[in-house]
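To keep things clear, I will list the structure first and then write my remarks on it.
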There are 2 protein chains.
Amino acid sequence: MSPRREHRLVFLLNVAQRRLQRWMAARTPHSGVTAAQSGLLFVLGQRDGVLMGEAGAALDLGPPGISGLVDRMTAANLIERRADPDDGRAWRLWLTPAGRAAMALSKARLADVNARLTQGFTEAEIDVVARWLVTMQSRFPKGEDE
Amino acid sequence: MSPRREHRLVFLLNVAQRRLQRWMAARTPHSGVTAAQSGLLFVLGQRDGVLMGEAGAALDLGPPGISGLVDRMTAANLIERRADPDDGRAWRLWLTPAGRAAMALSKARLADVNARLTQGFTEAEIDVVARWLVTMQSRFPKGEDE
DNA sequence: GGGATTTATTTCGCACGCGAACTATCTATG
DNA sequence: CATAGATAGTTCGCGTGCGAAATAAATCCC
């Protein structure tokens, strides 16, 4: 029984996430590229020149979140903001050479993280975990849907 | 077998955590008690008068984390800081009546969250998830152990 | 065409939690 | 006893991301 085990899921999720973030932050070989920042680097690695809103959607960030992330990464010279030629409101994001290099380094770190995230679990178990995490997205939606 | 699915675990964990936090924050019936704050309320509900460091350990927070949390909750009149009679450096934390009431309300919200966290998954699957989350704690330790 | 509405992004204030450095107290050791 | 070291908390600056409100450009509709 122990309702306590279930009670703990909220907490366990929180702790696991923070531990992972902290671990990644501490192991940033290249100058200060954080986990969130590598996320954006990967998005741009696949689709350079996306709109900020698209990048935000890909990372599940709202407007203020992506805006701040872009600010910091622009200041760090990892990406560039260039006006969209067709839409005066929009900005497109482009990797700088430094950003491209940082992305390559981030991939190595990600490989290490992946090993740690799956080690000791069967593929079926990892599938359960992934399915659970994905399900939580629809279970705790952004809007205030019931 | 898509290495991409594994790649996503970092991201999925991050998103699930943020979605849950956001959802809880939006559904705070009582004045502004956040998820982190309910965590401390529950700790005090079980052991009123703990040292700040003990509370931090229970919530996996470092000194600055628990210190700030206590600051905000003290300002909100949810808890009280009282000097430890035996140790001039230490402070013990106590629930205020308002804090005790907020804790009761938080429990209702937690029940709702728990339902959403487990609904649609078998007990065995939830066990896998819980085991995975716990394992991640040792996999991404606080110290810089390799 | 022009006013209302939608859309892209920014700004503000906030909560959270980290690492590093600091202060104050307690404890151990010579 | 004095002093060195350990321990409890605080403070600072930072990155992250949210909600709400503002700005500016695009679009829709009469």
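In the text below, chain A, chain B and the rest are named by the order of the sequence lines, each starting its count at 1.
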Exercise: identify the closest heavy-atom pair between A:Ser106 and A:Val33: OG-CG1, 3.9 Å
Decide yes or no for B:Leu59 and B:Val43: does some side-chain heavy atom of the first lie under 4.5 Å from some side-chain heavy atom of the second? yes
How does protein contact run along nucleotides 18-27 of chain D, one letter per nucleotide 5' to 3', with B for base contact, S for sugar-phosphate only, - for none, heavy atoms under 4.0 Å? BBB----BS-
Would you say A:Asp112 and A:Trp23 make side-chain contact, with heavy atoms under 4.5 Å? yes
With a 4.0 Å cut-off on heavy atoms, is B:Gly53 in touch with a base, just the backbone sugar-phosphate, or nothing at all? sugar-phosphate
Does B:Arg81 reach a base, just sugar-phosphate, or nothing at all? Heavy atoms under 4.0 Å. sugar-phosphate
Please compare A:Asn14 and A:Met52 by the position of their nearest nucleotide in DNA chain C and report the one closer to 5'. A:Met52
Any A:Ser67 side-chain N or O less than 4.0 Å from OP1/OP2 of C:dT10: yes
Whole angstrom value for the distance that separates C1' of C:dG17 from CD of B:Gln17: 12 Å
Among B:Leu12, B:Thr118, B:Leu117, which one satisfies side-chain contact (heavy atoms from CB on, under 4.5 Å) with A:Trp132? B:Leu117
Rounded to whole Å, how long is the line connecting atom CG of B:Leu59 with atom P of C:dC18? 11 Å
Just how far, in rounded Å, is P of C:dC26 from CG of B:Asp84? 9 Å
Separation of D:dG15 P from A:Trp23 CH2 (nearest whole Å): 21 Å
What is the separation between atom CG on B:Leu93 and atom C1' on D:dG9, rounded to the nearest whole Å? 11 Å
So A:Arg131 and A:Asp127, salt bridge (charged side-chain N to carboxylate O under 4.0 Å, His left out) or not? Walk me through it. CA-CA 6 Å; A:Arg131 184 165 66 80; A:Asp127 278 352; over 6 Å; no
Rounded to whole angstrom units, what separation is found between the CG atom of B:Leu51 and the P atom of C:dT25? 16 Å
If a pair satisfies side-chain hydrogen bond (donor to acceptor under 3.5 Å, both in side chains) and one of its residues is in residues 92-103 of chain B, list it, with sequence neighbours excluded. B:Asp48-B:Arg100, B:Asp84-B:Arg92
Using whole Å, report how far CZ of B:Arg92 lies from C1' of D:dG9. 14 Å
Whole-Å distance between C:dA15 C1' and B:Leu40 CG? 14 Å
I need the full list of salt bridge (Lys or Arg N to Asp or Glu O under 4.0 Å) pairs touching residues 57-66 of chain B, with sequence neighbours left out, sorted by first then second residue. A:Arg18-B:Asp60, A:Arg19-B:Asp60, A:Arg22-B:Asp60, B:Asp60-B:Lys142
